[in-house]
Amino acid sequence: MKSAKSYKISILIIAFLLSIVAGFCSMQVGTVKADTTIADAKKSFLINDVVETSKIDFDGTHLVATLKNGDEFKVKNELVIDDFGIELKVPKQVKKLSIKLVTDSYLINGNPVGSGEDLTYKNEIETVYTVEFTETGYKFSVNSNDTPATETAVNLPDGDRTILFNSSVVDRNVSAKVYVQNEESAILTAKVDNNSYLVETVDKTTAKVSVVIDEVIDGTDSVDLKVASISQKASDVNKDYYQTFELSDNDSSFKKSAYPRVTLNDDAFIKDANGDYKKLVMAQNVQESYTLNVYSVLGDYTSSNVWLYSAKDGNTDNTEENPNAWTPNGVEKPKKIAFTATGDFDFNVVAKVDDKVETFETYSVKVINGDKTTTLTDTTAPQYIKDTENYYDAIIGGYKSALEKAVYKEVTVDNQTKTVSVSLGTEVELPSMRDLVFDEYTPYEDLTVSLKYFTRTASKQSSSELEFKVTVAGDYVYYAVFTDKAGNSMEEDDFIKVNEDDSNKLEENCKYANFVFDFNVQDNAPIDIETSSAQGVGYIGIQYKAAKFKIQADGCTTTYTLSYRKTESDEWKVIPAVSKVDKNYNENGYTYDDVKAIGYDGELTFTPTAKGYYKIDCVATSEYTTRTDSASSEVYIGEKPVYVELPNYWLRDNVWSVVFLSVGTLCLIGIIVLLCIKPKEETESD
């Protein structure tokens with residue numbers, strides 16, 4: 001009875017313990033679930049190029065990044081900065097901080113930076129705005145004081161300083177203003193005024209955004225930088241594009257998830273002669289396809305969940321479609337659209353937000369007459385820019401710089417840097433000519449190109465792309481003839497034209513002579529080095545000449561190196577040519593006198609001074625390409641042989657042989673004599 005009772009008590013105790021464990025487990029699971037959204041949000045930001053979520057947290061109203069002096073807080077996702085805003089709370093221990101915007105260059109092949117020999121072209125543009133706190137207020141400057149800092153005298157709060165930073169793109173430069181909240185309400189502005197900092201402006205300008213702690217009060221270990229909000233459309237009165245970091249009551253999500261900004265692919269826009277981009281142009285009844293690029297603060301929107309809506313003119317609530325527009329039938333989230341009438345129309349980029357279709361962006365299109373079967377109203381061929389237009393020198397310079405990068409590269413051979421051309425058989429991809437060519441109605445990406453290229457030894461050839469294979473060595477000349485959607489084409493005679501009076505001459509004043517480019521490809525036939533596997537015999541103190549190396553290549557530099565090792569397990573030690581050292585030489589165990597005694601001539605001849613293995617390496621390297629080949633000749637050097645005259649004991653050692661040979665010889669003579677004596681004839685008396 002007691003046993004049964006004890007058994008029941010044990011079962012109850014175990015059940016009780018299991019229920020407690022289950023309760024704790026369920027509480028733990030709930031905590032993990034509640035933190036999921038916050039963990040995902042942490043991954044949207046970076047510190048020092050490494051995801052360090054331990055340095056990022058949320059205090060209920062702000063994102064908090066713990067930073068040391070010099071640390072950089074980065075927003076992981078690129079953001080649109082045309083109408084950008086960020087609100088920061090900065091501890092008073094911070095003396096200086098910067099907001100850095102990294103964008104693509106306005107010129108496709110890079111903006112010019114520097115001059116003369118220091119001239120380079122940058123494709124990634126850093127625009128850095130700095131806020132510096134002073135005893136009497138604060139300063140605002142851009143790009144390390146490229147422009148003078150503006151300063152205001154205000155009373156700053158004793159605690160955290162709230163900074164409101166806004167940026168926009170004006171005249172292809174980033175312009176910004178900053179406001180440090182205080183009683184006087186002073187706003188400072190700064191704008192880049194330097195062509196090196198021109199930013200891309202095809203549609204919207206996007207940038208990698210970061211905040212850098214530049215200077216803190218001495219003795220400060222780290223500070224907590226607080227981010228209250230990030231906006232990609234600061235002027236939006238509805239605050240739809242503001243991402244705040246205030247947590248909801250259950251700490252599982254933010255109270256607000258901002259709308260993203262959306263851009264179209266570059267070929268949706270048309271660049272004019274002034275470098276400005278016109279609103280979209282479409283041909284009537286032609287279905288246009290768009291790539292929708294989404295820029296979201298937290299990355300919670302992607303291109304897969306946004307689409308096009310053919311809203312009626314001026315309609316942005318997506319309740320009334322344009323009767324003159326259509327999207328593909330049966331496509332749930334269309335990325336293509338076509339218009340059946342000419343004129344100016346709008347269409348929206350939309351997504352579903354809380355079971356309602358909301359507009360993120362609105363674009364305007366100009367529909368011109370024509371379709372696949374009729375002629376467009378466009379009658380003008382594409383054009384190259386003129387030398388009188390803005391940025392002409394920078395555009396041409398950037399293109400030629402990009403061409404050099406495509407055709408030539410620097411390599412290191414024998415610790416020497418040299419410039420080499422591409423190898424024969426290589427497909428050369430020429431730089432984009434987007435900045436060089438424009439058309440009234442056709443975007444650059446939709447222009448058809450006919451590339452003409454030739455050498456002095458090869459006739460003119462064509463390619464339908466800005467690339468071709470180099471098959472022979474020599475000077476290459478090329479130019480690109482463009483045709484627009486309407487079939488209007490440039491004239492080849494505008495580039496190169498043969499003189500009518502002398503067929504060996506070219507016209508000097510062709511319209512597009514400046515857009516005929518050239519580069520040189522050097523011979524790079526394979527290099528092959530052969531040497532005899534059978535070497536001669538060498539001895540100490542006797543001059544030795546290695547077998548010749550047979551080098552099969554043109555335009556090569558040949559170098560020889562002599563090395564020595566005593567045994568096969570030792571490392572090789574280089575012995576320099578005697579002409580290459582001075583009296584102070586002392587390396588690898590060889591002094592000047594040692595090198596002089598060996599007398600290596602830098603090629604094949606030397607005088608061994610020690611027993612062991614000697615090796616000559618031959619390396620042939622092209623002067624203009626990365627071709628190279630090598631071969632080695634190795635010989636073992638021994639002691640010089642000594643010749644000794646030995647005494648002759650042959651007679652002593654062979655006396656009995658001589659005796660028997662003599663006896664045998666006498667016997668042989670006797671036999672011969674007997675054979676030669678004629679026997680006496682017998683008589684009757686005998």
Side-chain angles (χ1 to χ4, degrees), residues 46 48-49 67 69-75 78-86 88 90 94-134 137-152 161 163-180 186-201 204-216 225 230 232 234 275 390-391 393-395 397-398 401:
L46 299 175
N48 293 339
D49 297 322
L67 305 171
N69 190 38
D71 277 355
E72 184 173 6
F73 162 77
K74 293 185 177 183
V75 180
E78 280 196 33
L79 302 175
V80 174
I81 60 168
D82 297 81
D83 188 12
F84 175 77
I86 185 169
L88 306 171
V90 183
V94 175
K95 297 173 67 175
K96 185 192 295 185
L97 83 159
S98 299
I99 294 93
K100 182 167 69 175
L101 309 172
V102 181
T103 67
D104 290 333
S105 60
Y106 167 70
L107 300 179
I108 192 74
N109 293 309
N111 297 341
V113 179
S115 60
E117 294 182 355
D118 297 326
L119 178 64
T120 58
Y121 292 86
K122 283 192 174 182
N123 291 94
E124 191 173 72
I125 309 303
E126 279 192 6
T127 306
V128 182
Y129 286 92
T130 301
V131 180
E132 181 179 358
F133 297 102
T134 64
Y138 59 95
K139 297 179 180 179
F140 190 44
S141 60
V142 60
N143 293 335
S144 301
N145 299 314
D146 268 2
T147 56
T150 54
E151 185 174 1
T152 185
R161 286 89 181 259
I163 293 179
L164 301 177
F165 174 86
N166 292 102
S167 67
S168 58
V169 178
V170 180
D171 297 330
R172 304 167 193 136
N173 278 302
V174 180
S175 177
K177 59 183 179 181
V178 68
Y179 166 46
V180 179
I187 298 177
L188 298 181
T189 62
K191 178 191 172 185
V192 181
D193 189 17
N194 186 326
N195 288 345
S196 298
Y197 293 94
L198 297 177
V199 297
E200 184 184 35
T201 55
K204 303 173 182 65
T205 300
T206 63
K208 299 172 185 174
V209 181
S210 60
V211 181
V212 185
I213 302 299
D214 294 313
E215 187 178 353
V216 296
L225 175 73
I230 295 176
Q232 295 188 92
N390 292 335
Y391 314 117
D393 291 337
I395 291 171
S401 175

**Student:** Please indicate whether K204 has more than 12 foreign heavy atoms, meaning atoms of other residues, nucleotides or ligands, lying under 6.0 Å from its NZ.
**Tutor:** yes
**Student:** Quick check against the 3.5 Å criterion: does Q232 have a side-chain atom that pairs as donor or acceptor with the backbone of V80?
**Tutor:**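 Present.
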**Student:** Should the pair F165 and F84 be assigned to parallel (<30°), tilted (30 to 60°) or perpendicular (>60°) ring geometry?
**Tutor:**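 If you compare the ring of F165 with that of F84, the planes turn out perpendicular.
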**Student:** Shortest non-hydrogen contact from N390 to I395?
**Tutor:** O-CD1, 4.3 Å
**Student:** Looking at N195, V169, I125, T201, which one forms a side chain to side chain contact (heavy atoms under 4.5 Å, CB included) with Y106?
**Tutor:**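 Testing Y106 for a side chain to side chain contact (heavy atoms under 4.5 Å, CB included) against N195, V169, I125, T201 leaves exactly one candidate, T201.
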**Student:** Does a side chain donor of either D82 or S168 reach within less than 3.5 Å of an acceptor in the other side chain?
**Tutor:**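 No donor-acceptor contact under 3.5 Å links the two side chains.
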**Student:** Compare every heavy atom of R172 with every heavy atom of Y391, then report the nearest pair and how far apart it is.
**Tutor:**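 Closest pair (atom of Y391, atom of R172, distance): CE1-NH1, 3.1 Å.
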**Student:** Mind checking whether V211 and L88 have side chains closer than 4.5 Å, heavy atoms only?
**Tutor:** yes
**Student:** Within the side chain of N194, is there an N or O that forms a donor-acceptor pair under 3.5 Å with the backbone of S196?
**Tutor:** yes
**Student:** How far apart are the closest heavy atoms of K139 and L188, and which atoms are they?
**Tutor:** C-CD1, 4.3 Å
**Student:** One thing to verify: whether D214 and K95 come together as a salt bridge, which I'm taking to mean a side-chain N less than 4.0 angstrom from a carboxylate O.
**Tutor:** no
**Student:** Quick one: closest heavy-atom pair of N123 and I108, and the distance?
**Tutor:**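 In this case the closest contact between N123 and I108 is ND2-O, 3.1 Å.
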**Student:** Compare all side-chain heavy atoms of L97 with those of I163 and state whether any distance is below 4.5 angstrom.
**Tutor:**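 Yes. Closest side-chain heavy atoms under 4.5 Å.
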**Student:** Would you say the side chain of D393 lies within less than 4.5 Å of the side chain of P112, judging by non-hydrogen atoms?
**Tutor:** no
**Student:** Looking at every heavy atom in both R161 and F133, which two are closest together, and how far apart are they?
**Tutor:** NH1-CG, 3.4 Å
**Student:** Considering only heavy atoms from C-beta outward, does the side chain of N143 approach that of V192 to under 4.5 Å?
**Tutor:**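 The answer is yes, as the side chains (C-beta and beyond) meet within the 4.5 Å cut-off.
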**Student:** With T205, which residues qualify under side-chain hydrogen bond (donor to acceptor under 3.5 Å, both in side chains), at least two apart?
**Tutor:**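 Once residues adjacent in sequence are excluded, T205 has no partner under the side-chain hydrogen bond (donor to acceptor under 3.5 Å, both in side chains) criterion.
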**Student:** Determine the minimum heavy-atom distance between V216 and N69, stating which atoms define it.
**Tutor:** N-OD1, 3.5 Å
